[in-house]
Protein chains: 2
Amino acid sequence: MAAGAARQRILDTAIDLFYRQGYRATGINLVIAESGVAKATLYEHFPSKDDLLAACVREMARREIAEMRQAVVPKTTARERFFAPFGILQPWFEASQFRGCPFQNIVAECPPDDPRVREAARQHRENFRALLREVSFDLLQEHPNPRGLDPTELADLYLVLYEGAIAVSVAYRDAWPVRRAIQTLEVILEAD
Amino acid sequence: MAAGAARQRILDTAIDLFYRQGYRATGINLVIAESGVAKATLYEHFPSKDDLLAACVREMARREIAEMRQAVVPKTTARERFFAPFGILQPWFEASQFRGCPFQNIVAECPPDDPRVREAARQHRENFRALLREVSFDLLQEHPNPRGLDPTELADLYLVLYEGAIAVSVAYRDAWPVRRAIQTLEVILEAD
DNA sequence: GTCTATAGCAGGATAGAC
DNA sequence: GTCTATCCTGCTATAGAC
């Protein structure tokens, strides 16, 4: 096996299992079995299960912000870029069977809280918020809105609607909250 | 101890511990120690830890919808009733140290999912949605809004904003998302 | 690096004395 | 009903042979 490949396989497997089954419900032995590495190899890369979790959360954050930017950048108009983040929700819901936001789930399960997990989750949400500020700024510059909503306010409202859409979609196992969130943003933005 | 008192003590303790520490992270022995009952007594009332969890979720749903109605009913104007549900968030955040929605947290932790837990959570959310429809209906009757938003749409949007406000407040350990959600509803409702 | 064995511990659940 | 002792299982983590 190539150098570093074992580490990647472990991370991929753990991210998948921790998300689908939960962190505490997933035994380290299952991670070992599914990733096909030896127990000693895993403990060489990650001295403890908590260390593995921390590495997983960081890797998840790295991937998700990359995916988000990839969805936004190619779009041509400011309006398309603005609504692009919603585009990744539908396919993700279907693929994940509505398991919800991985970061929220992980944080919910770690109350004495390894600070590394909380910090990675916080960092990721800040990155997302920054991206929302960018698309909000661009959109408001092109189409100034009569209510005088500034980009920061719009981005924060966006974030609330986005996270709410995820949470309620999980509860109902249906994507109608996403459509409702998008519709709300449209109403807020429409000139009056 | 009075009949049924032991059961209540166990439920109170378990609800508290499961919420603060998580379900899997909380040992049954801790529930026993904290509630001050004997192990046999607990297993008499709740044959397994999963049974105890199911009972907890049902009890939590019962209490929360009661609290919600209690916040809504005394208000005099339709507008006050409409915004009343947000009133319980701030004190709750402070008391719970932003641990988030109990139902979401529990569901996130139970992936093979005891159907009882999912069902109780679903039921509770339906009850909340029904309450939101009531206050939305009343408000729109008093102040018809020019966009022709119907009560069901308004209630669904409300739900998305409400859950989003909780989720983001947890992430930031601050209640600004609640204010943002309220402000959004005000904008949506304002005549134009 | 892999495989196997095992230490060490905690949790869920049961049984028996009172 | 309470209290204590205990079984069993599964987990994290380590050690040793190869």
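Quantities reported herein were computed from a predicted structural model and do not represent experimental measurements. All heavy atoms count here, side chains included; hydrogens, waters and symmetry mates do not.
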Whole angstrom is fine here: how far is it from [atom1] in [X] over to [atom2] in [N]?
X       : N      : atom1 : atom2 : value
B:Ile10 : D:dG1  : CD1   : C1'   : 12 Å
B:Ile32 : C:dA10 : CD1   : C1'   : 14 Å
A:Arg9  : C:dG1  : CZ    : P     : 12 Å
B:Leu17 : C:dG11 : CG    : P     : 13 Å

### Query
Cation-pi between A:Lys49 and A:Tyr23: NZ/CZ under 6.0 Å from ring centre and within 45° of the ring axis?
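Judged by the rule, A:Lys49 and A:Tyr23 form a cation-pi pair.
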### Task
Decide if the gap between the ring center of A:Phe98 and the ring center of A:Tyr172 is smaller than 6.0 angstrom.
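No, too far apart.
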### Message
One pair to check against side-chain hydrogen bond (donor to acceptor under 3.5 Å, both in side chains): A:Asp16 and A:Thr13. What are the steps and the verdict?
### Response
CA-CA 5 Å; A:Asp16 180 54; A:Thr13 308; over 6 Å; no
### Message
Quick check for you: to the nearest 0.5 Å, what is the distance between A:Arg20 atom CZ and A:Asn105 atom CG?
### Response
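It is 14.0 Å, given to the nearest 0.5 Å.
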### Query
Between A:Phe82 and A:Tyr158, how do the two ring planes meet: parallel, tilted or perpendicular, split at 30° and 60°?
perpendicular
### Query
Just by protein heavy atoms under 4.0 Å, how would nucleotides 5-18 of chain D read 5' to 3' in B, S and -?
-------BBB----
### Task
Please list, chain by chain and in numerical order, all residues satisfying salt bridge (Lys or Arg N to Asp or Glu O under 4.0 Å) with A:Arg58, sequence neighbours excluded.
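A:Arg58 satisfies salt bridge (Lys or Arg N to Asp or Glu O under 4.0 Å) with no other residue.
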